[in-house]
Amino acid sequence: MSARQSLVVLLLLCIVGVGLSRAPWLGQEVWNLDEGSTFTMAHQVMDGDVLYRDAADNRSPLVPYLKAAVFTVFGKWNADAVHLALTLMIGLTVFGLGWIGYRLGGMKLAWSTAVAAWFLQIYWIDVGDAMSANTEWFVIAFSTAAFALFIASLDSARAHRGLLVGLLFGGAMLCKQPGLLDMLVAGILLGLLAWRSSPARRINLLRFGAMMIIGTLTPLALFSLHYALAGAWDDYIYSAFTFNTEVYIPE
């Protein structure tokens, strides 16, 4: 079996395996407060309300919009559709981690990484947190996709790929603020590679890194512009940043 065929098999097994591991708990409408609050905010977005101005939350804004997209397609308050979409997303994320293992160490590392990720996504943590469509799962999905593309792009280090990697890291950050830490890890790795590379390759890597930064900041800038134009800038800054740094984390 070729490497490509093995990866296709791995992809299918990741999706089916994650689906089977979560099947016994599918059907519950709401698992915890974090999930329920973002369900509610998603419907407020669908009704034309503005996050932070009309609904208070201390996390980044993307997850309610993603859930609103699911509700728009499959019907309002369709929690089952969200949980099924989450299951597919986690299956792809488990494969993404396996694919990263493949790029770093071949098929043996790909399979062992995917099996470990499959186990951890449902059996290692509390079932309520595992099944909940909470913000952390979305951060993991965006960051895994970003790291997978990051590793796939280092051989040529083309600038447009750096932009795409940055957009994915920006998505992670817009799901929850600590997504920024994942981008910083990639930036440090890129800096170490540039330091140990030839001058010509160093220039390509630095250009790649610059575009990655631009990509990360672009979605954040667009959301910030939206809240500024909607008259919710002060609410956005307080809820998503000031509250976390001055109230939530210290407490």
By salt bridge (Lys or Arg N to Asp or Glu O under 4.0 Å), which residues pair with Asp34, not counting sequence neighbours?
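Testing Asp34 for salt bridge (Lys or Arg N to Asp or Glu O under 4.0 Å), a comparison that skips the adjacent residues, returns Arg59.
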Roughly how far, to the nearest 0.5 Å, is the [atom2] atom of [Y] from the [atom1] atom of [X]?
X: Ser153; Y: Leu163; atom1: OG; atom2: CG; answer: 11.0 Å
X: Ser60; Y: Leu220; atom1: OG; atom2: CG; answer: 8.0 Å
X: Thr218; Y: Ile213; atom1: OG1; atom2: CD1; answer: 11.5 Å
X: Leu205; Y: Arg196; atom1: CG; atom2: CZ; answer: 13.0 Å
X: Ile15; Y: Leu92; atom1: CD1; atom2: CG; answer: 4.5 Å
X: Lys67; Y: Glu35; atom1: NZ; atom2: CD; answer: 5.5 Å

Could you tell me whether the side chain of [X] and the main chain of [Y] form a donor-acceptor pair under 3.5 Å?
X: Trp99; Y: Ala148; result: no
X: Arg22; Y: His83; result: no
X: Ser143; Y: Ile140; result: no
X: Gln177; Y: Ala240; result: yes
X: Asp47; Y: Asp49; result: no

Tell me, with the steps shown, if Met183 and Val165 meet side-chain contact (heavy atoms from CB on, under 4.5 Å).
CA-CA 9 Å; Met183 191 278 271; Val165 171; over 6 Å; no
Results of side-chain hydrogen bond (donor to acceptor under 3.5 Å, both in side chains) for [X] - residues two or more places apart only:
X: Asn32; value: Ser132
X: Ser2; value: Gln5
X: Asp129; value: none

Salt bridge flag under 4.0 Å for residues Arg53 and Asp234
no
Should [X] and [Y] be regarded as members of a common hydrophobic cluster, given that ILVMFWY residues are connected when their side-chain heavy atoms come within less than 4.5 Å of each other, either directly or indirectly?
X: Leu154; Y: Leu168; value: yes
X: Leu167; Y: Val185; value: yes
X: Phe119; Y: Ile90; value: yes
X: Ile151; Y: Leu184; value: yes
X: Leu13; Y: Met107; value: yes

For Ala133 and Leu86, the nearest pair of non-hydrogen atoms, with its separation, is CA-CD2, 3.7 Å
Could you report the tightest heavy-atom contact between Leu174 and Pro219, atom names first, then the distance?
CD1-CB, 3.5 Å
In terms of the angle between their ring planes, are Phe147 and Phe150 parallel, tilted or perpendicular, with boundaries placed at 30° and 60°?
perpendicular
I want to check something: taking the side chain as every heavy atom from C-beta on, are [X] and [Y] in contact at a cut-off of under 4.5 Å?
X: Gln28; Y: Trp31; result: yes
X: Thr87; Y: Val18; result: yes
X: Ser21; Y: Tyr123; result: yes
X: Ser239; Y: Asn58; result: no
X: Ile125; Y: Leu120; result: no

Evaluate side-chain contact (heavy atoms from CB on, under 4.5 Å) for Trp233 paired with Ser224, printing each intermediate quantity in order.
CA-CA 7 Å; Trp233 174 256; Ser224 298; 3.5 Å; yes
CA sep, side-chain torsions, deciding dist, call: Asp57, Leu51, side-chain contact (heavy atoms from CB on, under 4.5 Å):
CA-CA 8 Å; Asp57 192 31; Leu51 295 185; over 6 Å; no
Trp118/Gln121 under side-chain contact (heavy atoms from CB on, under 4.5 Å): CA gap, chis, key distance, verdict:
CA-CA 5 Å; Trp118 169 81; Gln121 58 86 28; 3.8 Å; yes
Check: Arg201/Asn204 side-chain N/O donor and acceptor closer than 3.5 Å:
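No, Asn204 and Arg201 have no side-chain donor paired with an acceptor closer than 3.5 Å.
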Got a sec, which pairs hit salt bridge (charged side-chain N to carboxylate O under 4.0 Å, His left out) with one end in residues 168-191, sequence neighbours left out?
Glu136-Lys176
Which of these passes side chain to side chain contact (heavy atoms under 4.5 Å, CB included) with Thr144: Val94, Thr93, Val139, Leu149?
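Exactly one pass, corresponding to Thr93.
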Please determine whether the number of non-hydrogen atoms from other residues, nucleotides or ligands lying under 6.0 Å from atom CD of Glu29 exceeds 12.
no
Pairs involving residues 42-75, ordered by first then second residue, that meet ring-ring contact (aromatic ring centres under 6.0 Å, His included) (sequence neighbours left out):
Phe39-Phe71, His43-Phe71, His43-Trp77, Tyr52-Tyr227, Tyr52-Tyr236, Tyr65-Phe223
